Amino acid sequence: MSKSIERGELLHEGKAKQVFHSSSPDHVWIHYKDDATAFNGVKKASIRDKGEVNARISAYLMERMSSAGIPTHMDTVVSVRDHVCTKVDIIPVEVVVRNVCAGSICRRFGLEQGKVLAEPMVEFFYKSDELNDPPMSDVHALQFGWAVEWELAYLRHAALKVNAVLQAFWDELGVTLVDFKIEFGRDKNGHILLADEITPDGSRLWEKGSNRSLDKDVFRKDLGDLGDTYRELFKRVFGHGLTEG
Ligand code: TMP
Ligand code: ASP
């Protein structure tokens, strides 16, 4: 259906992606850039191949979610960096799932990085660059009209299902899924779709054994070359480099 969809005017420029209108009123055209940012845009760089690695990994993982029964916004891969997706209204609740303690949960609660959680934990953050994505709970979403009760229950349920699929996937590749962030949106019928992206930008991925970061922490914490890390991760996922196969 969407084979003939064409790119339209720019709708929104994000930190790592551009969202364009498309020739279909029900679809957007999403382009993955090479830009990397951290700490809410304070640190910036352009990393060769980053957009392509993220786009190809996200398309692949979204397909896996779809196969696992989680509806997603993905429609068509139009190029290595461009996807046509169902247009959604993004729910302003960033859903983080954690299996191992790292990042903000350690800072907020004084926990040691690397502590394995007894159960996967779902946390909500209010999606607001101006406010630095503050932690939030159901009462805020309900009172401020960001989502209703069944939607919050669905976000938790779907996020845990995504976690189970991703954890098994990364585990087979010798990688521990520490945590990740996903976003959901409502389509024109009010159905909730997994949206945005599933990428190493929004995940913590540790090589088993060494606990070496294979994600954007390499950039956030100056642990090495993010481009090299992402190309290595791509090879782990697809079994070949970017220009092969
Ligand atoms: P956190 O430990 O900083 O709360 O991050 C948890 C996960 O969410 C981590 O995998 C990185 C991801 N994340 C984003 O994708 N975007 C963001 O803006 C932030 C702060 C985190
Ligand atoms: N996504 C945020 C930024 O790009 C924060 C982060 O990932 O560290 O600035």
Side-chain angles (χ1 to χ4, degrees), residues 14-17 35-45 54 61 90-149 151-167 170-171 175-185 192 194-208 210-224 226 229:
K15 291 189 286 268
K17 302 192 290 298
D35 297 353
T37 69
F39 314 116
N40 203 10
V42 169
K43 185 170 177 177
K44 288 186 193 153
N54 276 339
L61 292 177
I90 290 286
I91 297 171
V93 176
E94 300 197 346
V95 184
V96 168
V97 183
R98 301 181 191 273
N99 299 301
V100 178
C101 293
S104 74
I105 198 170
C106 296
R107 289 196 297 277
R108 280 179 283 134
F109 299 104
L111 302 170
E112 189 192 332
Q113 159 152 309
K115 180 185 158 61
V116 178
L117 291 162
E119 297 281 343
M121 178 188 287
V122 179
E123 287 187 314
F124 291 159
F125 293 82
Y126 178 46
K127 182 176 166 68
S128 165
D129 281 344
E130 300 84 72
L131 301 174
N132 250 319
D133 301 343
M136 54 163 281
S137 60
D138 296 38
V139 290
H140 305 105
L142 297 171
Q143 290 247 5
F144 304 143
W146 302 329
V148 297
E149 210 140 355
E151 292 178 320
L152 296 173
Y154 178 77
L155 298 193
R156 281 206 174 80
H157 166 82
L160 288 172
K161 205 158 154 184
V162 170
N163 183 53
V165 177
L166 283 183
Q167 224 183 359
W170 287 117
D171 191 68
V175 173
T176 301
L177 177 64
V178 171
D179 60 32
F180 64 91
K181 185 267 294 178
I182 46 178
E183 298 181 22
F184 295 84
I192 299 185
L194 177 59
D196 192 47
E197 62 180 53
I198 308 175
T199 62
D201 272 13
S203 314
R204 286 197 175 90
L205 303 166
W206 292 355
E207 183 179 53
K208 283 182 191 291
S210 70
N211 279 355
R212 185 166 62 97
S213 291
L214 302 174
D215 57 66
K216 206 172 82 176
D217 267 352
V218 169
F219 176 71
R220 290 191 192 96
K221 296 158 92 175
D222 291 321
L223 302 176
L226 188 69
T229 305

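Worth saying up front: this structure is predicted, and the values here are computed from it rather than measured.
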Pair K43 + D222, salt bridge at N-O below 4.0 Å = yes
Decide yes or no on side-chain contact (heavy atoms from CB on, under 4.5 Å) for V95 and F184, but give the supporting numbers first.
-> CA-CA 8 Å; V95 184; F184 295 84; 4.0 Å; yes
Given side-chain contact (heavy atoms from CB on, under 4.5 Å), test F125 with S104 step by step and report yes or no.
-> CA-CA 11 Å; F125 293 82; S104 74; 4.0 Å; yes
How long is the gap from CG on L152 to OG on S137, to the nearest 0.5 Å?
-> 9.5 Å
For the pair D138 and R156, evaluate side-chain contact (heavy atoms from CB on, under 4.5 Å) and give the outcome as yes or no after the intermediate values.
-> CA-CA 11 Å; D138 296 38; R156 281 206 174 80; 2.7 Å; yes
V97 vs V162, side-chain contact (heavy atoms from CB on, under 4.5 Å): CA-CA, chis, key distance, verdict = CA-CA 9 Å; V97 183; V162 170; over 6 Å; no
Do W206 and S213 come within less than 4.5 Å of each other through their side chains, counting heavy atoms only?
-> yes
What is the minimum heavy-atom distance between S203 and F180, and which atoms define it?
-> OG-CB, 3.8 Å
May I ask you to decide whether D179 forms a salt bridge with R204, counting only side-chain N to carboxylate O separations under 4.0 Å?
-> yes
When every non-hydrogen atom of C101 is compared with those of C106, the smallest separation belongs to C-SG, 3.7 Å
Residue pair D196 / I182, side-chain heavy-atom distance below 4.5 Å = no
Hey, what do you get for OG1 (T37) to NZ (K44), rounding to the nearest 0.5 Å?
-> 8.0 Å
Taking all heavy atoms of L226 and all of A36, pick out the closest pair and write down the distance.
-> CD2-CB, 4.4 Å
Distance-only, no hydrogens or angles: does the D215 side chain make a donor-acceptor pair with backbone N or O of L205 under 3.5 Å?
-> yes
Sorted by chain and residue number, the side chain to side chain donor-acceptor pair (under 3.5 Å) partners of N40 (sequence neighbours excluded) come out as K15, N132
So, the side chain of E151 versus the backbone of V148: is there a donor-acceptor pair under 3.5 Å, distance only?
-> yes
Sole candidate of K181, K216, K17 that passes salt bridge (charged side-chain N to carboxylate O under 4.0 Å, His left out) when paired with E197 | K17
For N54 and T199, indicate whether the former's side chain and the latter's backbone hold a donor-acceptor pair under 3.5 Å.
-> no
Excluding sequence neighbours, so at least two apart, what forms side chain to side chain donor-acceptor pair (under 3.5 Å) with S128?
-> none
Pairs of donor and acceptor atoms involving the side chains of residues 113-121, under 3.5 Å and at least two apart or interchain, shall be tabulated with distances.
none

Which atoms form the tightest heavy-atom contact between L194 and E183, and what is the distance?
-> CD1-O, 3.6 Å
With sequence neighbours left out, the residues meeting salt bridge (Lys or Arg N to Asp or Glu O under 4.0 Å) with R220 are D217
Separation between CG (N99) and CG (D171), nearest 0.5 Å, reads 10.5 Å
May I ask you to test the L155-I192 pair for a side-chain heavy-atom distance under 4.5 Å?
-> yes
Who are the ring pair (Phe, Tyr, Trp, His ring centres under 6.0 Å) partners of Y126, not counting sequence neighbours?
-> W146
Residues in ring pair (Phe, Tyr, Trp, His ring centres under 6.0 Å) with W170, at least two apart?
-> none
